[in-house]
Chemist: 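Have a look at this one.
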Amino acid sequence: MPELPEVETVRRGLLKIAKGRKILSIDVHYEKTITNDVNWFKEQLVGQTITDVNRRGKYLLFRFSNKMTMVSHLRMEGKYYNLPEDGEIHKHTHVVFHLNDDTKLCYSDTRKFGRMTLTETGKELQVAGLKTIGPEPTEENLKTDYLKDIMSKSKREIKPFLLDQSNVAGLGNIYVDEVLWMTKIHPKEHVNLVPAEKIEDLRNNIINELAVATQHHGTTVHSYTNAFGNAGEFQNHLHAYGNVDKPCERCGTTMKKIKVAQRGTTFCPHCQVLTNESD
DNA sequence: CGTTTTTCCTGGCAGC
DNA sequence: TGCTGCCAGGAAAAAC
């Protein structure tokens, strides 16, 4: 499930194989992937050149020469891959962009959750999701005071709070479990009860963890072939996610898996304790 | 308005 | 073997 480090890895791959290429035609095999009218989508993009690919949170932003932007979200299993023009597309390929260098850029998505939305460049922040997106998890954009402020105003459990992209952009199930383990916060802790010094710690851990995971090209959970974002090996550096029944790397206590807000959640029951249990 | 629940999907796997 | 049922999960939409 691609989170910020994986999406950033995909973006860098796309720059190499798509930037500067012109779209000759587009095949759409599953119309719901495109949230616009499909014919309008094709009319706008055929003949245009991909000038750049940017990212905001987990959203990819394809820039085109006609001042249009395609917002692409991979959700659970969306992936881009490229083939020679005469190559056979894989199962679950929903959109194919035929490019002017005798290749095609393919989008496949087993669970069909991913979406593409075309909009005028400059108006992409009006697209659902981007309209309410929170700050990027970087030194410059994610300030401790901001986190302290929004956390003081909410009584939600911290796991769904951090998964909510309107609070902080880019975190998903894997990295939320990681940063909560690092910061020693129980995933069900209510955010208004987290002490100030832990909020600063949490903020630093979020920024650092996502940056380091990006350096490792992200985490590969399932192995895919011919898809970007599958080169990552950060799964070898995870401390919580996927470590159920293993000893905590800090204290040796057996890691537990529970459900928090409908999400599978792995944590250390010794290091990560609820406030009302410890006092 | 803030928060929780439901919905969208398919492959994989447990259980019979 | 083949069937049923359940699970995984990001975020929009609906419900509360």
Side-chain angles (χ1 to χ4, degrees), chain A residues 1-10 28-36 55-61 71-80 89-95 107-117 119 124-137 149-180 187-193 206 210 213 218-225 227 229-230 235 238 240-244 257-267:
Chain A
M1 44 267 17
E3 304 176 33
L4 188 151
E6 294 76 37
V7 177
E8 176 61 19
T9 303
V10 171
V28 177
H29 299 115
Y30 181 70
E31 300 216 340
K32 282 179 81 173
T33 300
I34 314 289
T35 65
N36 310 95
R55 180 189 58 73
R56 177 75 169 88
K58 304 178 200 172
Y59 295 81
L60 290 165
L61 306 169
V71 179
S72 169
H73 197 299
L74 307 172
R75 293 285 185 96
M76 307 299 299
E77 301 196 20
K79 42 197 149 299
Y80 287 96
I89 62 171
H90 308 156
K91 202 178 173 186
H92 307 299
T93 295
H94 307 315
V95 184
Y107 174 78
S108 76
D109 187 350
T110 308
R111 289 187 203 170
K112 299 182 173 174
F113 282 175
R115 294 290 180 266
M116 298 175 189
T117 301
T119 184
E124 64 269 18
L125 294 183
Q126 292 169 29
V127 170
L130 286 177
K131 207 177 334 191
T132 53
I133 197 164
E136 284 291 304
D149 181 48
I150 59 171
M151 287 177 70
S152 69
K153 290 175 181 162
S154 173
K155 293 176 178 169
R156 295 175 79 182
E157 295 172 343
I158 192 155
K159 173 133 187 185
F161 179 88
L162 291 177
L163 287 172
D164 187 337
Q165 303 297 298
S166 68
N167 293 320
V168 181
L171 292 165
N173 207 40
I174 295 172
Y175 297 111
V176 166
D177 280 10
E178 291 304 299
V179 298
L180 290 178
K188 286 192 173 210
E189 182 68 287
H190 293 277
V191 295
N192 57 324
L193 300 179
I206 290 170
L210 292 176
T219 297
T220 306
V221 176
H222 307 287
S223 53
Y224 301 117
T225 53
N230 68 340
Q235 61 276 16
L238 298 177
Y241 185 89
N243 285 23
V244 61
K257 187 164 182 178
I258 57 171
K259 282 258 183 183
V260 182
Q262 275 78 259
R263 299 289 185 271
T265 301
T266 306
F267 75 111

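Lettering follows sequence order; numbering is per chain, from 1.
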Chemist: Check this one for me: any side-chain N or O of Lys32(A) less than 4.0 Å away from OP1 or OP2 of dC8(B)?
Modeler: no

Chemist: Kindly write out the residues that satisfy side chain to side chain contact (heavy atoms under 4.5 Å, CB included) with Leu125(A), not counting sequence neighbours, or none if the list is empty.
Modeler: Leu130(A)

Chemist: Could you tell me how far apart Lys257(A) (NZ) and dG9(C) (C1') are, to the nearest whole angstrom?
Modeler: 11 Å

Chemist: Can we say Glu136(A) and Arg55(A) salt-bridge, meaning some charged N sits less than 4.0 Å from an Asp/Glu carboxylate O?
Modeler: yes

Chemist: What's the CZ-P distance between Phe113(A) and dT10(B), to the nearest Å?
Modeler: 9 Å

Chemist: Rounding to an integer number of Å, can you tell me how far Asp164(A) CG sits from dT3(B) C1'?
Modeler: 10 Å

Chemist: With 3.5 Å as the limit, what N/O pairs link the protein to nucleotides 11-14 of chain B?
Modeler:
from	atom 1	to	atom 2	distance (Å)
dG11(B)	OP1	His92(A)	NE2	3.0

Chemist: Looking at residues at least two apart in the chain, or sitting in another chain, which of them share a ring-ring contact (aromatic ring centres under 6.0 Å, His included) with His190(A)?
Modeler: none

Chemist: Relative to the ring of Tyr59(A), is the ring of His73(A) parallel (under 30°), tilted (30 to 60°) or perpendicular (over 60°)?
Modeler: perpendicular

Chemist: Report for the helix from dG2(B)-dC16(C) to dC16(B)-dG2(C): angle between first-end and last-end helix axes, five pairs each, rounded to 10 degrees.
Modeler: 50°

Chemist: What string of B, S and - do you get for nucleotides 11-16 of chain C 5' to 3' if you count protein non-hydrogen atoms under 4.0 Å?
Modeler: BS----

Chemist: Quickly work out the Lys112(A) NZ to dC8(B) P distance and round it to whole Å.
Modeler: 13 Å

Chemist: Roughly, in whole Å, what's the span from NZ in Lys79(A) to C1' in dC9(B)?
Modeler: 13 Å

Chemist: For DNA chain C, what residues of residues 152-159 of chain A have any heavy atom nearer than 4.0 Å?
Modeler: none

Chemist: Is there a donor-acceptor pair under 3.5 Å between the side chain of Gln165(A) and the backbone N or O of Leu163(A)?
Modeler: yes

Chemist: Between Asn173(A) and Gly264(A), is there a donor-acceptor pair closer than 3.5 Å when you use the side chain of the first and the backbone of the second?
Modeler: yes

Chemist: Could you measure the distance from the CG atom of Leu74(A) to the CZ atom of Arg115(A)? Nearest 0.5 Å is fine.
Modeler: 12.5 Å

Chemist: Between atom CZ in Arg115(A) and atom C1' in dG9(C), what is the gap in whole Å?
Modeler: 14 Å

Chemist: Any sub-3.5 Å donor-acceptor pair from His94(A)'s side-chain atoms to Lys112(A)'s backbone N or O?
Modeler: no

Chemist: Say whether, by atom type as modelled, one donor and one acceptor occur between the side chain of Glu157(A) and the main chain of Pro187(A) under 3.5 angstrom.
Modeler: no

Chemist: Give a yes-or-no answer on whether the side chains of Ser72(A) and Tyr107(A) include a donor-acceptor pair shorter than 3.5 Å.
Modeler: no

Chemist: How many Å lie between CG on Asp109(A) and P on dG10(C), as a whole number?
Modeler: 13 Å

Chemist: Rounding to an integer number of Å, can you tell me how far Tyr241(A) OH sits from dG9(C) C1'?
Modeler: 9 Å

